[in-house]
Amino acid sequence: MAATTEELLAYDRGHLWHPYTSMTDPTPVRLVTGASGVRLTLADGSELVDGMSSWWAAIHGYNHPVLNEALARQAGDFAHVMFGGLTHAPAVRLAERLVELAPAGLEKVFLADSGSVSVEVALKMAIQHQRGLGRPERTRMLTIEGGYHGDTFGCMSVCDPVGGMHSMFAAVLPQHVFAPRPPATADGVPGWAEAFEALADEYAGEVAGIIVEPLLQGAGGMHPYPAECLRVMRAVADRHGLVLVFDEIATGFGRTGTMWAADAAGVSPDIMCVGKALTGGYLTLAAVLTTAAVGAGISASESGVLMHGPTYMGNPLACAVALANLDLLTSGDWAGNLARINRGLEHGLAGARDNPAVVDVRTLGAVGVVQLDHPVDVVKAADAAAELGVWLRPFRDLIYTMPPYITDDDDLALICAAVTRAAEVA
Ligand SMILES: *Cc1c(COP(=O)(O)O)cnc(C)c1O
């Protein structure tokens, strides 16, 4: 069995797929041996301040005593039972908590095992709801260009048709309706709204719902857009009887500065997906919340039930740690803390504007983005950040950070320095 750092890395290189990475010519990986607070420890003993929150999930940092305790306590009771015909306190309490926190009207909860699965479930819900209303011909989704909703087939079909994976899988993906990406600033909203409304008018008869990442498109390009666009979507959905789905997997739990991105617009969707930060980065878990009306529509469809039920649905360990994570989040002044992080990002990234290769610097809540005029050399950028003691993983033309919420001002300044430095070398 691989034991030394060299053996582990060699076997990894020969046998393990990493995300979006070649099997025959993989980019190098770093071996993590520990993680605590905002710091990752590597096999050579060095430490990196984590600017990524492990893909936006570890909002309270690593090895958190409260989360560890919740997990250990539940493991001592029982780790898992099937959710068909059985239930348990962690799932019930988590549902209660999510309903309390969610925008008004979202009160029916489906616990899924990953963000992508929750999006698949949301798409099924929209279609089954329309069937329940006697509109089985409504099977397509209306969405916006530049989106990202996950990697499974249903999810891929609503990701950006150019930047996503459509071309490779075109023959097997359902064809949805794509509106232009919403504008970055308010002056573009009227023109965008007109185009969005026109598409809805044209296709409403075949469309079951609208699905978008509210306020901030994440993996599709870190693109924030005005809250007003969400109000336009709500109005369009109401006018045409469409199910409005907000994918808050990246934006939820305070990341954009409000508890939900939807809150910035004062809009409640009909379906909301949450994931990523739900368990504070401990275990994979997601949830789909919907209204009583959609719940009733689905139940009125010919099957009478929602056609989904994963093996690990409602996993008690994940629910217990999620509950502790949400208690941690809401027990403190999370909004004040998010505002503090935003100020730190604004201040720390301002200098990147002096770099002639930088076309845009933008922040929203605890998201800081530096956009270059060329695709990033990911390895060079990550190495430059690591030299300053920071872990970053850029993509496309973007060097960005989504730091843990517990990042203090000094570490935040270090992360910003690393983003700025990476933008110079990449
Ligand atoms: C990450 C992400 C997903 C997919 O979640 P997984 O847990 O990786 O399957 C879906 N939607 C959005 C907006 C995401 O950021």
Side-chain angles (χ1 to χ4, degrees), residues 2-35 38-58 62 114-116 148 150-152 155-156 159-160 162-169 218-222 250 276 281 284 352 355 357-359 367-404 414-426:
T4 65
T5 299
E6 290 67 33
E7 287 166 354
L8 289 164
L9 288 175
Y11 197 88
D12 182 289
R13 195 172 175 80
H15 299 273
L16 274 177
W17 253 293
H18 285 266
Y20 314 106
T21 301
S22 164
M23 179 43 75
T24 51
D25 184 26
T27 52
V29 291
R30 291 172 162 82
L31 183 65
V32 174
T33 55
V38 299
R39 285 178 165 71
L40 310 176
T41 305
L42 304 184
D44 66 2
S46 63
E47 287 188 338
L48 298 179
V49 173
D50 181 11
M52 310 310 297
S53 302
S54 280
W55 271 341
W56 327 344
Y62 302 93
S114 76
S116 298
Y148 176 81
D151 289 348
T152 55
C155 295
M156 278 198 294
C159 288
D160 183 73
V162 178
M165 293 164 274
H166 282 247
S167 49
M168 193 174 325
F169 299 106
M222 295 291 165
K276 288 203 161 90
T284 177
N355 177 346
V358 169
V359 295
V367 184
V369 184
V370 172
Q371 185 168 12
L372 301 178
D373 62 5
H374 58 269
V376 176
D377 182 326
V378 176
V379 175
K380 259 193 187 168
D383 286 351
E387 266 173 42
L388 293 182
V390 174
W391 171 237
L392 296 178
R393 179 82 179 164
F395 69 104
R396 296 196 193 175
D397 55 354
L398 304 168
I399 302 180
Y400 76 99
T401 177
M402 289 209 193
L414 186 65
I415 290 172
C416 290
V419 171
T420 306
R421 177 73 190 133
E424 284 163 10
V425 305

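All values below come from the heavy atoms of this structure, side chains included, with hydrogens, waters and symmetry mates left out.
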Exercise. Do you see a donor-acceptor pair shorter than 3.5 Å between the side chains of Asp397 and Gln371?
Worked result: yes

For this session: List the steps and the verdict of side-chain contact (heavy atoms from CB on, under 4.5 Å) for Val390 and Arg421.
Result: CA-CA 11 Å; Val390 174; Arg421 177 73 190 133; over 6 Å; no

Exercise: identify the closest heavy-atom pair between [X] and [Y]:
X      : Y      : answer
Phe395 : Gly218 : CZ-O, 3.9 Å
Val358 : Ala423 : CG2-CB, 4.4 Å
Leu388 : Ala417 : CD1-O, 3.8 Å
Lys276 : Ala57  : O-CB, 3.4 Å
Ala426 : Val376 : CB-CG1, 3.6 Å
Tyr148 : Gly220 : CB-N, 3.7 Å

Problem set entry | Under-4.0 Å salt bridge between Arg393 and Asp50 | no

Can you measure from [atom1] ([X]) to [atom2] ([Y]) and round to the nearest 0.5 angstrom?
X      : Y      : atom1 : atom2 : value
Leu8   : Leu31  : CG    : CG    : 5.5 Å
Met23  : His18  : CE    : NE2   : 8.5 Å
Asn355 : Asp373 : CG    : CG    : 8.5 Å

Side-chain heavy atoms of [X] within contact of [Y], under 4.5 Å:
X      : Y      : answer
Asp383 : Val379 : yes
Thr41  : Tyr62  : no
Leu42  : Val32  : yes
Met156 : Met168 : no

For this session: Any chance you could lay out the salt bridge (charged side-chain N to carboxylate O under 4.0 Å, His left out) test for Asp44 and Arg30, step after step, and finish with the verdict?
Result: CA-CA 10 Å; Asp44 66 2; Arg30 291 172 162 82; over 6 Å; no

Would a distance-only check, ignoring hydrogens and angles, find a side-chain to backbone donor-acceptor pair under 3.5 Å from [X] to [Y]?
X     : Y      : value
Ser53 : Pro403 : yes
Arg13 : Val29  : no
His15 : Ala10  : no

Problem set entry | Pair Thr27-Val378, side-chain contact (heavy atoms from CB on, under 4.5 Å): steps then yes or no | CA-CA 9 Å; Thr27 52; Val378 176; over 6 Å; no

Exercise. Where do Thr420 and Glu424 land on the side-chain contact (heavy atoms from CB on, under 4.5 Å) test, with the steps shown first?
Worked result: CA-CA 7 Å; Thr420 306; Glu424 284 163 10; 4.1 Å; yes

Exercise. Leu372 and Val359: side-chain contact (heavy atoms from CB on, under 4.5 Å), yes or no, with the steps?
Worked result: CA-CA 5 Å; Leu372 301 178; Val359 295; over 6 Å; no

